[in-house]
Student: 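Sending over a structure as structure tokens; questions will come in a sec.
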Amino acid sequence: MDGGRALVLGGGGVAGIAWETGMLVGLAEAGVDLGSADRVIGTSAGSVAGALLRSGASAAAWQAAISEDEPVESSALGASPDTDRFMQAAAEALASPAASPEEARSRLGALARRVSADGQAERVAVFAGLIGGTEWPEGDLRVTAVDAEDGAFRVFDRGSGVPLAAAVAASCAVPVVYPTVEIDGRRWMDGGMRSATNADLARGAERVVVLACGPEIPGNPLGPGLEDAVAELRRDAEVVVVLPDAASAAAFGTNSLAQASRRPAALAGRAQAASVAERVRAVWG
């Protein structure tokens, strides 16, 4: 679909889900309704935030995130997964130049496939609980994932014939940290293994808002970086990129996959929304 407004929600772990949800709630309170997007593109954490937004559950999810009660833990998610394992795997996969982004991603996928997929059903069930079910909500929602075998990039949507919870679980399957998710006979891993935002998927929109949980390193060998994607989008669209401010970055902590980051990131996202609302409104209209 060309024209209209697109919202891009990037990856960022447990903290990213909470921060983006807080940001969406805070912007709505300021009169900027990003839920009116014609197209929502979610990668990893952004796929969860996008599903919540499309189903009208962002406010409830934010309230749950800031609750004083301890979050429900699951062996499928873990209280504090070891992000160092992913960093080591990425360094190993990218130690030598790859002929193409697909080849680079397939190297990472080969390491991801070493992790047993036995926990897939539980993990999909956890995401079904997080987003409120397996049915796709109304509106254009696109969820990204990467084939862990050949490195191919795929965008799941309502027409893909895939349960939403499975697509979201695949998009959030950080290599070597979580198991890959089998869909259509293929094993899938985190959509952020192409780009943390996959902002280029907003091509064709006239107005674009990107909520990115951090900057992307230029020259990403896995796929298009945010800076290049935004430069391309700005040829035909008004674009605003929102990154965590200092307080939000501190709330993410040193491990964005840790459940302990959930409450502070949710609070920081809502607080930061007030300072960016006018900038976002100027683009969103």
Side-chain angles (χ1 to χ4, degrees), residues 7-30 32 34-35 40-55 57-74 76-84 86-87 126-127 129-132 168-169 171-174 177-178 190-192 196-197 209-216 226 240-277 279-280:
L7 171 63
V8 177
L9 299 167
V14 170
I17 298 170
W19 179 77
E20 289 177 343
T21 302
M23 181 66 66
L24 292 168
V25 168
L27 287 171
E29 291 172 343
V32 184
L34 297 185
V40 175
I41 299 154
T43 292
S44 199
S47 70
V48 177
L52 291 169
L53 179 67
R54 278 303 198 208
S55 63
S58 295
W62 183 80
Q63 286 290 342
I66 66 167
S67 169
E68 294 295 340
D69 297 332
E70 289 296 318
V72 176
E73 300 293 0
S74 165
L77 292 178
S80 185
D82 184 3
T83 53
D84 288 342
F86 165 69
M87 297 304 294
V126 167
F127 280 101
L130 283 175
I131 61 178
V168 169
S171 189
C172 294
V174 180
V177 176
Y178 300 126
D190 198 310
T197 56
V209 172
V210 180
L211 300 187
C213 296
E216 294 184 34
L226 177 59
V240 61
V241 178
V242 178
L243 293 163
D245 60 13
S248 291
F252 272 63
T254 58
N255 183 356
S256 64
L257 295 178
Q259 289 288 344
S261 67
R262 185 169 177 246
R263 185 173 190 273
L267 291 169
R270 179 172 176 266
Q272 185 183 347
S275 67
V276 301
R279 185 159 59 96
V280 174

Student: Would you check if Tyr178 and Leu257 make a side-chain contact, meaning some heavy-atom pair closer than 4.5 Å?
Tutor: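 They are in contact (side-chain heavy atoms under 4.5 Å apart), so the answer is yes.
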Student: Sequence neighbours excluded, which residues qualify as side-chain hydrogen bond (donor to acceptor under 3.5 Å, both in side chains) partners of Ser58?
Tutor: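 If we apply the side-chain hydrogen bond (donor to acceptor under 3.5 Å, both in side chains) test to Ser58, skipping adjacent residues, there are no hits.
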Student: Sequence neighbours left out, what passes side-chain contact (heavy atoms from CB on, under 4.5 Å) with Ser261? Give chain and number order.
Tutor: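 Counting only residues at least two positions away or on another chain, Ser261 forms a side-chain contact (heavy atoms from CB on, under 4.5 Å) with Val14, Ala15.
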Student: Please give me the minimum heavy-atom distance between Val40 and Gly50, naming the atom from each residue.
Tutor: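 Nearest heavy atoms, Val40 then Gly50: CG1-CA, 4.0 Å.
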Student: Looking at Gln272 and Leu243, would you say the former's side chain and the latter's main chain have a donor-acceptor pair under 3.5 Å?
Tutor: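 Judged by distance alone, yes, a pair lies under 3.5 Å.
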Student: For side-chain contact (heavy atoms from CB on, under 4.5 Å), just list the numbers for Val32 and Val209, CA-CA rounded to whole Å, side-chain angles, deciding distance to a tenth of an Å, and then say yes or no.
Tutor: CA-CA 11 Å; Val32 184; Val209 172; over 6 Å; no
Student: Can you measure from CG (Leu52) to CG (Leu130) and round to the nearest 0.5 angstrom?
Tutor: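 If I round to the nearest 0.5 Å, the distance is 7.5 Å.
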Student: Ignoring hydrogens and angles, tell me if any N or O in the side chain of Trp19 forms a donor-acceptor pair with the backbone of Ala268 under 3.5 Å.
Tutor: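 No, the answer is negative, given that no donor and acceptor are paired below the 3.5 Å cut-off.
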Student: Just jot down the side-chain contact (heavy atoms from CB on, under 4.5 Å) partners of Ala273, sequence neighbours excluded, or say none.
Tutor: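 Applying side-chain contact (heavy atoms from CB on, under 4.5 Å) to Ala273 gives Met23, Leu27.
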Student: Heavy atoms only: give me the nearest Cys213-Pro244 pair and the separation to one decimal.
Tutor: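 Looking at all heavy atoms of both residues, the closest pair is O-CG, 3.4 Å.
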Student: Just jot down the side-chain hydrogen bond (donor to acceptor under 3.5 Å, both in side chains) partners of Thr21, sequence neighbours excluded, or say none.
Tutor: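 For Thr21 there are no side-chain hydrogen bond (donor to acceptor under 3.5 Å, both in side chains) partners, ignoring immediate neighbours.
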Student: Can you list the steps and then say if Val280 with Leu34 is a side-chain contact (heavy atoms from CB on, under 4.5 Å)?
Tutor: CA-CA 9 Å; Val280 174; Leu34 297 185; 4.1 Å; yes
Student: List in chain and number order the residues that pass side-chain contact (heavy atoms from CB on, under 4.5 Å) with Ala51, two or more places apart in sequence or in another chain; answer none if no residue qualifies.
Tutor: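 Ala51 satisfies side-chain contact (heavy atoms from CB on, under 4.5 Å) with Ile131, Leu141, Leu164 once adjacent residues are dropped.
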Student: Are the side chain of Glu20 and the backbone N or O of Gly12 linked by a donor-acceptor pair below 3.5 Å?
Tutor: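 Answer holds: no.
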Student: Would you list the pairs meeting salt bridge (Lys or Arg N to Asp or Glu O under 4.0 Å) in which at least one residue belongs to residues 266-276, sequence neighbours left out?
Tutor: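 Found Glu29-Arg270.
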Student: Sequence neighbours excluded, which residues qualify as side-chain contact (heavy atoms from CB on, under 4.5 Å) partners of Cys172?
Tutor: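 Testing Cys172 for side-chain contact (heavy atoms from CB on, under 4.5 Å), a comparison that skips the adjacent residues, returns Ser44, Ser47, Val48, Arg123, Phe127, Val168.
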Student: Which heavy atom of Val8 sits nearest a heavy atom of Thr197, and at what distance?
Tutor: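 Closest approach of Val8 to Thr197, heavy atoms only: CG1-O, 3.4 Å.
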Student: Is there any salt bridge (Lys or Arg N to Asp or Glu O under 4.0 Å) pair reaching into residues 246-259, and which pairs are they, with sequence neighbours excluded?
Tutor: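 Pairs touching residues 246-259 that pass the test: none.
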Student: Would you please name every residue forming a side-chain hydrogen bond (donor to acceptor under 3.5 Å, both in side chains) with Gln63, sequence neighbours left out?
Tutor: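 side-chain hydrogen bond (donor to acceptor under 3.5 Å, both in side chains) list for Gln63, sorted by chain: empty.
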Student: Between Arg263 (side chain) and Ile66 (backbone), is there a donor-acceptor pair under 3.5 Å?
Tutor: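 Between the backbone of Ile66 and the side chain of Arg263 there is a qualifying donor-acceptor contact (under 3.5 Å).
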Student: Tell me, with the steps shown, if Leu211 and Leu24 meet side-chain contact (heavy atoms from CB on, under 4.5 Å).
Tutor: CA-CA 9 Å; Leu211 300 187; Leu24 292 168; 4.1 Å; yes
